Amino acid sequence: MRVGRVERYLHQRLERTGALHFTLLDPEHKEEDKIRTIIDGAEKAGTDAYLIGGSLGVVQSVAVHMVKLLRSMTTKPIILFPGNADAVTHMADAIFFHSLLNSRNPYWISGVQALGAPIVRELKIEPIPMAYIIMEPGGTASFMGDAKPIPNEKPDIAAAYAMAGQYMGMRIIYLEAGSGAKTPVNPRVVEIVRKAVEVPIIVGGGIRSASEAKKRVRAGADIIVTGTLTEQATDVEKALTSMIKAIKSEGKKRLKGSRGLLKL
Ligand code: 1GP
C-alpha cells in the first residue's frame, strides 16, 4: 500500500528532529473550553501531531467537533486513533489503522478492521498500518480490547509481537500501557523492541513527566504520546514544553548516528 502524506511527514520530522511528541485528545472529554486550552497549549509547546481516540464513551459527533476545532487551530496532522469502527470520522488527515495483536478476541484483531476499512476508503482518510500491543497494566484499552497484556518483565514477548507486526506489513508499532497507567511501559521493553524492529515505535500510557519521556526516547522510542497529562495540567503549555524539550534533546542525539529505521 502506498505511503501517504501524513506518514511521509512523520518520517521527515523524525529524520529532522530525532523524536516526536503527539497530543492525544479523548472525545470522552467534551468541554469545549478545556479542549481549546489543551490545543492552544500543545501548539505553543510544539507538539508534532494530534491523535483523536478513546476506548470508552466516544460520541461520534464530539469526535467530529474535535476534528473541526483542531482544523481551526492547527496545521499539524490530525490522526484518528479510534477505539471502534463507529469512531471513524470525516475530515481527519489520517488514521492509525491498527490491529490489537495481543487481543484474545478476533473482533479486535481483524473484525473491526473489516468494518472500518470501507468507511476509511469512502471518507478518503489516509490509513497508516499499525501494530497495537498492550503492555501491563493496560487499563481500559486492555479491558475493552480483551487483551492479554504483556508483563513489563517479559520484553521478549513484546518484541515477538512487534516483529510479527512488522513482518505482517505494519509500519508503526504502538506500545501501550493504557491511558492513565500508574506505570508506563518499561524502558527495558522499549530497548528490546527497538532491537527487534526497524519501523517507528510509539510509546504511550501513563507518561507524565519530562524525565519519563526522555528515558523512553533514550531506550529507542520514536514517538511519545500523552493524553492524561494535558487533561490534568493546570498549565498545559508549561507541562508540554518541558516534556517536548526533553524528547527533542534526547532525539537530537540519535541524529548523529544512523537511525536504522526502514526507508519509506
Ligand atoms: C493512551 O497512550 C495513550 O492511548 C496516552 O496515555 O492518557 O496516560 O497519556 P495517557
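Every number for a ligand or one of its atoms is a count from 1 in the order of the listing. Treat the numbers as computed from the prediction; the structure is a model and nothing was measured. Just so you know, these numbers use all the heavy atoms, side chains as well, and skip hydrogens, waters and symmetry mates. Note that the numbering runs from 1 along the sequence shown for the chain.
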Next on the checklist: Atom NZ of residue position K34 - does it have more than 12 heavy atoms of other residues, nucleotides or ligands inside 6.0 Å?
Outcome noted: yes

Checklist outcome for this item: Note: Y174, heavy atoms under 4.0 Å from ligand 1, region reported as side chain

Next on the checklist: As an exercise, identify every atom of ligand 1 less than 4.0 angstrom from a heavy atom of F81.
Outcome noted: 4 (O)

Item to check | same_hphob_cluster(L69, Y50) at 4.5 Å side-chain heavy-atom cutoff | outcome: yes

Next on the checklist: My understanding is that only one of R8, K124, R71 makes a salt bridge (charged side-chain N to carboxylate O under 4.0 Å, His left out) with D93; could you say which?
Outcome noted: R71

Checklist entry - So which heavy atom in the protein is nearest atom 10 (P) of ligand 1, and how far is it from that ligand atom? => result T228 OG1, 3.4 Å

Checklist entry - Nearest to atom 5 (C) of ligand 1, what protein heavy atom do you find, and at what distance? => result G205 N, 3.7 Å

Checklist entry - Among protein heavy atoms, which lies nearest atom 4 (O) of ligand 1, and at what distance? => result E176 OE1, 2.5 Å

Checklist entry - Is the distance between the ring centroids of Y161 and Y132 under 6.0 Å? => result no

Item to check | Protein heavy atom at shortest distance from atom 9 (O) of ligand 1 | outcome: G227 N, 2.8 Å

Next on the checklist: Using a 4.0 Å heavy-atom cut-off, which part of L24 comes near ligand 1: side chain, backbone, both, or neither?
Outcome noted: side chain

Item to check | Q60 (side chain) donor-acceptor with D86 (main chain) under 3.5 angstrom | outcome: yes

Checklist entry - Is a side-chain donor-acceptor pair under 3.5 Å present for Y107 with Q113? => result no

Next on the checklist: Show me which atoms of ligand 1 lie under 4.0 Å from any heavy atom of T226.
Outcome noted: 9 (O)

